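No experiment lies behind these values; they were computed from the predicted model shown.
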Amino acid sequence: MGFEPPQRLVRALGEMYGDGAAADWLDRLPTLTEQAVDAAGPDLAVERVAAPGGRSALVLLVRQADGTPAALKIAPPRAEPEQERAALAHWNGWGAVKLLDAPESEASGALLLERLHHEVSLRSLPEAKALLEAAGTVRRLWVEPPAGHPFETVAERTGRQSEGMRAAAAADPELAPLVDAALAARTELVEGSPELLLLHGNFRQSKVLSGERAPWLTVGPEPLVGERAYDLARLVRDRAEDLIASPGGPVTARRRVKRLAESLEVDQSRLHGWTLFRAVESGTRALAEGRRQMGEVNLEFAGWL
C-alpha cells in the first residue's frame with residue numbers, strides 16, 4: 001500500500017518519541033497498515049489518508065463492505081491504543097466516536113471507527129459557542145469506569161509528569177517558581193480528590209468533531225480515572241495563543257475558569273489548580289521537546305492564573 005504519512009504526523013512523532021524511534025515506526029507503517037486493513041476484512045476499501053490528520057496516529061478513510069464510511073486509525077504502541085479502545089468500547093458512542101471493530105492482528109494499535117468530519121472541529125466555531133458545545137460534550141463522557149478497568153489514575157499520571165517538571169526547573173531556575181506552585185497545587189488536589197470517573201484525558205476543542213449520528217463527538221482519548229476538574233482543565237487553556245495576543249488575556253483566562261466551573265458544577269478552586277498544573281506541565285514538556293513557542297505560550301498562560 002503506497003502512501004506518504006502526513007508531515008504533521010511525522011513532525012509530531014519526532015517531537016514526542018525522538019527522531020530515531022519515530023523513524024523506526026514510520027518505516028514499518030506501510031506493513032502495519034496492510035495488516036490492519038487485512039484484519040478489518042477483505043472487502044474494506046481504502047479511500048485515502050486523512051490529511052493534515054492528527055499528531056499521534058495515521059488515519060485512513062475507508063469504506064466497509066456495505067459501503068458505510070469508516071476510519072481506520074493506526075497508532076504507535078507508545079500511544080497506548082489499547083487504552084483508547086477500552087474507553088471507546090465503554091462509552092459505546094455516548095459522546096464519543098463509536099468503535100466499530102478492533103482488528104486483532106500483528107498490526108498493534110489498529111482501531112476501526114465511525115467516520116466523522118475530520119476537517120470540522122469545535123475550533124471552527126466562535127469561541128463562546130465552541131466552549132458551550134464542548135461543555136455539553138465532555139459531560140457525557142464522565143461516567144463510572146468499567147469494573148476491573150485498565151486505566152491509570154490522575155494521581156498516577158500526574159506523578160509521572162511531575163518528574164519532568166522538576167527536571168525542567170532544575171535545568172532552568174527561572175521556571176522554578178511556576179513549577180513549585182504547580183506541584184504544590186497537585187499535591188493538595190490528589191490528597192483530596194472527590195471523584196473516580198472515566199475521563200477523556202486530553203479534552204479540548206480540536207478533539208470534538210462534527211458527525212452524522214450526533215452534531216459533535218469526541219475523538220482521541222488518553223483515558224484515565226479521576227475527577228472532572230482535571231479533564232476540564234485542558235479546555236480552559238484552549239486557543240491560548242489567541243489569549244496571549246489579546247490585551248485582556250489574563251482577565252479572560254480567569255473568567256473562563258469561573259464560567260466553565262459554574263456551567264459544569266465543578267469546584268472552581270480545583271479547576272484553577274488543575275489548570276495551573278496542566279499548563280505548567282505542558283509548557284515544560286514542550287520546551288523539552290524543542291517546541292519553544294508552544295512552551296512559552298503555556299507558561300505565560302500559567303503565570304496569569
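- Residues R239 and L243 are not in side-chain contact: their nearest non-hydrogen atoms beyond the backbone lie 4.5 Å or more apart.
- In this structure, the side chains of L60 and L58 come closer than 4.5 Å at one or more pairs of heavy atoms.
- Residues L99 and L113 are in side-chain contact: their nearest non-hydrogen atoms beyond the backbone lie under 4.5 Å apart.
- Applying the side-chain contact (heavy atoms from CB on, under 4.5 Å) criterion to D66, with sequence neighbours excluded, gives Q64, T68.
- We find the CG-CG distance between L217 and L116 to be 5.5 Å, quoted to the nearest 0.5 Å.
- Cluster membership check: L61 does not share its hydrophobic cluster with L9, using side-chain heavy-atom separations under 4.5 Å among Ile, Leu, Val, Met, Phe, Trp and Tyr.
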Query raised in the report: Does the salt bridge (Lys or Arg N to Asp or Glu O under 4.0 Å) test come out yes or no for R123 and E133, once each step is laid out?
Result: CA-CA 11 Å; R123 285 185 67 93; E133 295 290 350; over 6 Å; no
Donor-acceptor pairs are to be reported for all side-chain atoms of residues 296-305 against protein atoms at under 3.5 Å, with residues two or more places apart or in another chain.
{"residue": "E296", "atom": "OE2", "partner": "R292", "partner atom": "NE", "Å": "3.0"}
{"residue": "N298", "atom": "OD1", "partner": "R237", "partner atom": "NE", "Å": "2.5"}
{"residue": "N298", "atom": "ND2", "partner": "M294", "partner atom": "O", "Å": "3.0"}

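- A pairwise comparison of heavy atoms in P52 and P6 identifies O-CB, 3.3 Å as the closest pair.
- Here the CZ atom belonging to R278 is positioned 7.0 Å from the CG atom belonging to D231, to the nearest 0.5 angstrom.
- Using a 4.5 Å cut-off on side-chain heavy atoms (C-beta onward), R234 and W274 make no contact.
- Minimum heavy-atom separation, A96 to L88: CB-CD2, 4.1 Å.
- A 4.5 Å side-chain heavy-atom check between S206 and L122 finds every atom pair outside the cut-off.
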Query raised in the report: Under the side-chain contact (heavy atoms from CB on, under 4.5 Å) criterion, do V10 and L26 qualify, and how do the steps go?
Result: CA-CA 8 Å; V10 174; L26 289 167; 4.0 Å; yes
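- Using modelled atom types, one side-chain atom of T284 and one backbone atom of E281 make a donor-acceptor pair closer than 3.5 Å.
- We find the CG-CD1 distance between L32 and I74 to be 7.0 Å, quoted to the nearest 0.5 Å.
- Checked against salt bridge (Lys or Arg N to Asp or Glu O under 4.0 Å), R140 has no partners two or more places apart in sequence or in another chain.
- Looking only at distances, no side-chain donor or acceptor of R285 sits under 3.5 Å from a matching main-chain atom of G295.
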Requested in this report: Run the numbers on V257 and Q268 for side-chain contact (heavy atoms from CB on, under 4.5 Å), then give the verdict.
Outcome: CA-CA 7 Å; V257 171; Q268 185 176 331; 4.1 Å; yes
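- Atom NZ of residue K98 and atom CZ of residue R213 lie 6.5 Å apart, to the nearest 0.5 angstrom.
- By the side-chain contact (heavy atoms from CB on, under 4.5 Å) test, E80 pairs with E82, Q83, sequence neighbours left out.
- Remark: S282 OG to F277 CZ distance equals 9.0 Å, nearest 0.5 Å.
- Listed by chain and number, the residues in a side chain to side chain donor-acceptor pair (under 3.5 Å) with H117 are E212 (sequence neighbours excluded).
- Take D267 and apply the side-chain contact (heavy atoms from CB on, under 4.5 Å) test, not counting sequence neighbours, and it matches S269, R270.
- Applying the salt bridge (charged side-chain N to carboxylate O under 4.0 Å, His left out) rule to pairs touching residues 244-258 yields E127-R256, K258-E262, sequence neighbours excluded.
- Note that CG of D38 and CG of L44 are 9.5 Å apart. Values are rounded to the nearest 0.5 Å.
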Under 3.5 Å, sequence neighbours excluded: what are the donor-acceptor pairs made by side chains of residues 162-177?
{"residue": "S162", "atom": "OG", "partner": "T158", "partner atom": "O", "Å": "2.7"}
{"residue": "E163", "atom": "OE2", "partner": "R166", "partner atom": "NH1", "Å": "2.9"}
{"residue": "D172", "atom": "OD1", "partner": "E174", "partner atom": "N", "Å": "3.1"}

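- Residue L235 comes nearest to Q205 through the heavy atom pair CD1-CG, 4.0 Å, listed as atom of the first residue, atom of the second, then distance.
- Put simply, the side chain of H149 never gets that close to the backbone of A86: no donor and acceptor are under 3.5 Å apart.
- Placement of V59 and L111 in two distinct hydrophobic clusters is found when ILVMFWY residues are connected by side-chain heavy-atom separations under 4.5 Å, directly or transitively.
- Annotation: side-chain hydrogen bond (donor to acceptor under 3.5 Å, both in side chains) contacts involving residues 44-53, sequence neighbours excluded, comprise E47-R63, E47-R115.
- Side-chain N or O atoms of E156 include one that pairs as donor or acceptor with a backbone N or O of T153 at under 3.5 Å.
- Counting only heavy atoms from C-beta outward, the side chains of T218 and V97 never approach each other to under 4.5 Å.
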Query raised in the report: Stepwise, does the side-chain contact (heavy atoms from CB on, under 4.5 Å) test hold for K73 with E84?
Result: CA-CA 11 Å; K73 180 177 180 179; E84 179 176 356; 3.0 Å; yes
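- At distances below 3.5 Å, not a single donor-acceptor pair connects side-chain atoms of R8 with backbone N or O atoms of G54.
- When every heavy atom of L276 is checked against every heavy atom of A185, the shortest pair comes out as CD2-CB, 4.4 Å.
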Query raised in the report: V236 and L260: side-chain contact (heavy atoms from CB on, under 4.5 Å), yes or no, with the steps?
Result: CA-CA 8 Å; V236 174; L260 285 172; 3.8 Å; yes
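- Residues in residues 17-27 take part in these salt bridge (charged side-chain N to carboxylate O under 4.0 Å, His left out) pairs, two or more places apart or across chains: D24-R28.
- Looking at S121 and V208, their side chains never come closer than 4.5 Å, going by heavy atoms from C-beta outward.
- There is no path of hydrophobic side-chain contacts, each under 4.5 Å, that joins L132 to V120.
- Counting heavy atoms from C-beta outward, V225 and E152 have side chains that stay 4.5 Å or more apart.
- Residues passing the side-chain contact (heavy atoms from CB on, under 4.5 Å) test with R139 are W142, L264, sequence neighbours excluded.
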Can I get a per-line list of side-chain donor-acceptor pairs under 3.5 Å for residues 195-202, giving both atom names and the distance, sequence neighbours left out?
{"residue": "E195", "atom": "OE1", "partner": "R228", "partner atom": "N", "Å": "3.0"}
{"residue": "E195", "atom": "OE1", "partner": "R228", "partner atom": "NE", "Å": "3.4"}
{"residue": "E195", "atom": "OE2", "partner": "R228", "partner atom": "NE", "Å": "2.8"}
{"residue": "E195", "atom": "OE2", "partner": "R228", "partner atom": "NH2", "Å": "3.0"}
{"residue": "H200", "atom": "ND1", "partner": "N202", "partner atom": "N", "Å": "3.0"}
{"residue": "H200", "atom": "ND1", "partner": "F203", "partner atom": "N", "Å": "3.1"}
{"residue": "H200", "atom": "NE2", "partner": "V219", "partner atom": "O", "Å": "2.8"}
{"residue": "N202", "atom": "OD1", "partner": "R204", "partner atom": "NH1", "Å": "2.8"}
{"residue": "N202", "atom": "ND2", "partner": "E222", "partner atom": "OE2", "Å": "3.4"}

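- Grouping the Ile, Leu, Val, Met, Phe, Trp and Tyr side chains by contacts below 4.5 angstrom, directly or via other members, places W216 apart from W94.
- Between the S193 side chain and the L189 main chain, no donor and acceptor come within less than 3.5 Å of each other.
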